[in-house]
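Chain identifiers are assigned alphabetically (A, B, ...) following the order of the sequence lines, protein sequences preceding nucleic acid strands; residue numbering begins at 1 within each chain. All figures in this text were calculated on a predicted structure; none of them were measured in a lab.
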Amino acid sequence: MTAAVPIENFTDSQKEAIFHKDGPLLVLAGPGSGKTRVITSRIAALIEAGVRPWNICAITFTNKAAEEMRIRVEQSTPAQGVYVSTFHSLCVWILRRYAEQAQLQPNFSILDVKDQQRCMKEAIADCQIDVTNFTPARMLDYISRLKNDLESAEQFEARADDFFSRSAAKAYSRYQQILTKNNALDFDDLLLRTAFLLRDCEDVRLQLSDRFRYLLVDEYQDTNHAQYQIAKGIALAHRNICVTGDPDQSIYRWRGADIENILAFEKDWPEAKVVKLEENFRSTPNILEKADQLIAANTKRKAKSLIATRPKGNEVIIDICEDENKEAHWVAERAEQLIDEGVNPNEIAVFYRVNSMSRTIEEAFVQRQLPYQVVRGVEFYARKEIRDLLAYLKVMVNPQDDIAFIRAVGTHTRGIGKTSLDRLSHFAKIQGLSLLDAGLRAEEIETINRPTRKRLVDFSKMLQALSEETTGDVAPLIEQVFAETGMEQALKVEEDATENISELISAAAEYDQRAEEPNLMDYLQMIALYSDSDAYDAESQRISLMTMHAAKGLEFDHAFIIGLEEGILPHERSLNEAGDDLEEERRLFFVGITRARKTLHVTYARHRVVRGQFIRSTPSQFLYEIGFEGEQDSFDTGWDRIDRYESSAPKPKKKLKIDSKPGQLYQVNQLVEHKKFGLGRVKEYLDLGEDSIVVVKFNTGNTKSLMVKYAKLTVVDG
DNA sequence: CCATCAGCTTTTTTT
DNA sequence: AAGCTGATGG
């Protein structure tokens with residue numbers, strides 16, 4: 001067997017980290033320092049030294065990163081069985097395995113953000129808290145912090161002493177009651193319950209320590225207190241804990257991440273070995289210089305250097321644009337140039353602060369016919385039809401899930417309305433039943449009229465029948481549910497909804513292939529943890545568009561960062577408080593900059609439409625920090641006064657409806673563009689006045705007939 | 001009971 | 001610009 005770890009390729013400090021023996025290890029790894037390679041090699045080295053793969057647990061920040069690491073580990077060692085996952089997935093695994101000790105049922109539902117809001121809304125209403133001051137979103141945010149700090153509802157209730165916290169305590173406690181009744185956990189509960197389990201059950205803790213004798217945690221700067229306690233709990237018995245991270249890349253403080261976890265690692269583990277990886281093997285010195293200048297402005301920071309190893313490259317370009325459209329076109333133009341020079345599109349990325357900023361870029365790319373992917377994974381699972389279908393599946397796995405039950409009822413018209421549901425809920429509450437069980441007994445509810453009662457019973461029976469068979473492959477199950485619940489029939493007219501469902505089924509089929517023991521419960525719990533960056537496809541020969549948060553851990557030859565304006569980056573929400581938030585914004589920009597290997601383009605637009613309003617903006621303070629000298633020439637840039645005039649003029653009331661498409665006529669073979677389907681050619685046009693229909697064959701291969709008045713079609717010239 | 005529409009609010013990042 | 005809510009009409 002050849003050596004799995006070819007040591008000659010590593011620097012001395014990398015080797016120190018890779019071959020460190022037992023005991024705690026802290027790797028402070030700057031951007032581009034080969035951290036991932038070091039971790040993988042360390043795992044291989046451990047195995048080579050006789051550790052069983054089974055006893056190694058590596059925790060990554062996203063599922064995507066876990067998947068990648070699994071592949072890398074498989075490549076560097078023939079041994080199988082290293083456990084690689086995110087904290088959240090690990091918690092699901094633990095909670096399912098030790099459900100009894102955790103006082104849970106293993107088939108728990110995992111709430112998504114929307115479900116959480118629904119539950120919180122209900123909780124607030126139940127507690128009769130004034131809604132104007134306590135919005136569900138705000139309350140959820142507050143409670144999430146408490147949970148991440150491992151404070152239970154009871155604990156918090158005991159210490160809440162002012163009006164706000166007492167109200168929050170009531171809402172927290174009621175919210176948890178609702179979740180328990182639904183046999184549901186939210187994201188934070190996964191961590192909190194696991195942390196409590198480890199704290200309270202020595203037996204479980206020791207079993208897990210024995211199972212995972214070597215623990216590695218990546219992106220440690222972004223762990224919160226709950227995750228910290230979980231890691232500590234697992235490693236306490238053997239002290240084989242290796243954490244890697246970079247305090248300068250901590251960008252999740254807003255989510256409860258505690259940078260102290262990495263800064264104070266040596267306090268927890270006094271015998272810890274510390275290795276610094278400061279050499280950068282990724283970016284040109286030109287790019288690193290900017291990154292260094294920028295991050296130096298952070299005061300709450302341990303000084304650290306970025307040591308360049310690459311040859312000098314191109315200067316970083318800062319470009320001023322008039323507005324977001326010009327900015328988008330400028331980016332598109334440069335990207336096109338690069339591609340013309342032979343650059344593979346998947347080596348190009350565009351980063352922005354907020355997801356909504358992808359739109360103008362997309363439009364510009366479509367116009368220039370540049371291939372791109374928007375990295376936003378959760379969007380797919382948030383679609384109405386997908387959530388609807390998943391609701392049935394959730395009830396099948398977890399009959400206590402009233403949230404899903406209500407959603408399933410409402411997927412399409414079936415003669416059961418809100419009033420009936422309220423009455424059903426009332427009955428269920430009095431009887432202490434789930435909605436499903438109450439539905440089966442709907443005949444007893446006299447307040448509901450007779451035909452509706454029947455419909456409720458039928459519906460509940462259908463669900464119950466479906467629930468009887470939830471084992472085995474998931475894809476056929478989804479198909480069956482789609483057909484038998486009537487959703488397929490109801491969606492017949494909506495082509496793209498049906499298309500999305502088939503996409504869901506294909507994805508499930510893929511899961512069936514991959515999973516060791518595919519089953520519906522596991523599948524649902526897994527997709528609940530699916531995240532944005534999971535949608536990134538490195539193979540896809542396309543330009544990637546994503547937020548800087550999603551860009552964490554990735555790298556590209558050519559990067560564009562757009563929207564360097566006060567209020568956007570740094571974001572307006574970070575401008576107020578103590579300055580900690582501002583420093584985090586700076587770190588976020590730092591992460592963005594250090595993604596680039598060869599070239600970096602940064603843009604700032606003088607004007608931008610934000611939330612439907614035309615705003616005049618000022619350059620981001622961060623631009624000055626990387627050497628931007630202001631605008632030498634702020635007028636007569638060729639930018640038309642007319643534009644400015646029009647934008648500041650009072651907007652005409654759109655109610656007047658000056659026929660948005662006056663006399664729009666389409667011709668056969670005309671090139672058109674649809675917001676969703678992209679480019680296509682007109683195959684047929686039926687002039688029926690207001691109800692005109694246009695048939696378009698899109699480049700995706702699909703042909704669709706669209707109502708002219710609804711379809712967002714634009715004619716493409718040339 | 002249900003669909004539609006006008007009017008109103010709106011956070012940014014995500015597991 | 002877009003999604004949600006409450007009111008209204010069928």
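With A/Glu443 as reference, A/Arg453 is the one residue of A/Lys454, A/Arg453, A/Arg450 to meet the salt bridge (Lys or Arg N to Asp or Glu O under 4.0 Å) rule.
Residue order along DNA chain B, read from the 5' end via each residue's closest nucleotide, puts A/Leu421 first among A/His549 and A/Leu421. Each of A/Asn449 and A/Arg611 lies near DNA chain B, and the nucleotide nearest A/Asn449 is the one positioned closer to the 5' end.
Considering only side-chain atoms of A/Thr547, the nucleotide from B/dT12, C/dA1, B/dT13 that sits closest is B/dT13. In this structure, of B/dT15, B/dT14, B/dT12, it is B/dT15 that holds the atom nearest to the side chain of A/Ser531. Comparing C/dT5, B/dT15, B/dT13 by their closest approach to the side chain of A/Lys121 singles out C/dT5.
Using a 4.0 Å heavy-atom cutoff across all strands shown, A/Lys384 reaches no nucleic acid atom at all. Looking at heavy-atom distances under 4.0 Å, A/Thr419 makes contact with sugar-phosphate atoms alone, never a base. A/Phe87 comes within 4.0 angstrom of no nucleic acid atom, judged by non-hydrogen atoms across all strands. The residue A/Asn63 sits apart from the nucleic acid: no heavy atom pair falls under 4.0 Å. Contact annotation for A/Leu190: no contact, since no heavy-atom pair falls under 4.0 Å across all strands.
Rounding to whole angstrom units, CD of residue A/Gln117 and P of C/dC4 are separated by 9 Å. Atom C1' of nucleotide B/dT15 and atom CZ of A/Arg193 are separated by 18 Å, given to the nearest angstrom. In this structure, the CG atom of A/Asn148 is 18 Å from the P atom of B/dT13, given to the nearest Å. One atom, CD of A/Gln525, and another, C1' of B/dT15, lie 15 Å apart when rounded to the nearest Å. Distance A/Leu140 CG to B/dT11 C1': 14 Å, rounded to the nearest Å. If you take CG of A/Asn325 and P of C/dA1, they are 12 Å apart, rounded to a whole angstrom. One can place CD of A/Gln116 at 10 Å from C1' of B/dT15, the figure rounded to the nearest angstrom. Going from atom CZ of A/Arg383 over to atom P of C/dG3 covers 12 Å, rounded to whole Å.
In this pair, A/Trp254 does not lay its aromatic ring on the base of B/dT12; centres under 5.5 Å and planes under 30 degrees do not both hold.
Aromatic rings of A/Tyr530 and A/Tyr381 (six-membered ring for Trp) have centroids within the 6.0 Å cut-off, being under it. When ring centroids are compared, A/Phe212 and A/Trp93 come within the 6.0 Å threshold.
Using atom C1' as the reference point in both B/dT11 and C/dG6, the two lie 24 Å apart (nearest Å). A distance of about 24 Å separates the C1' atoms of C/dT5 and B/dT12, rounded to the whole Å.
A/Ser420 has a side-chain polar atom (N or O) that falls below the 4.0 Å cut-off from OP1 or OP2 of B/dC1.
Defined by atom type and a distance below 3.5 Å, a donor-acceptor pair is missing between the side-chain atoms of A/Asp422 and A/Ser425. Counted by atom type alone, A/Asn183 and A/Asp401 present zero donor-acceptor pairs between their side chains at under 3.5 Å.
The side-chain tip of A/Arg586 does not point at the ring of A/Phe589 from less than 6.0 angstrom away and within 45° of straight on.
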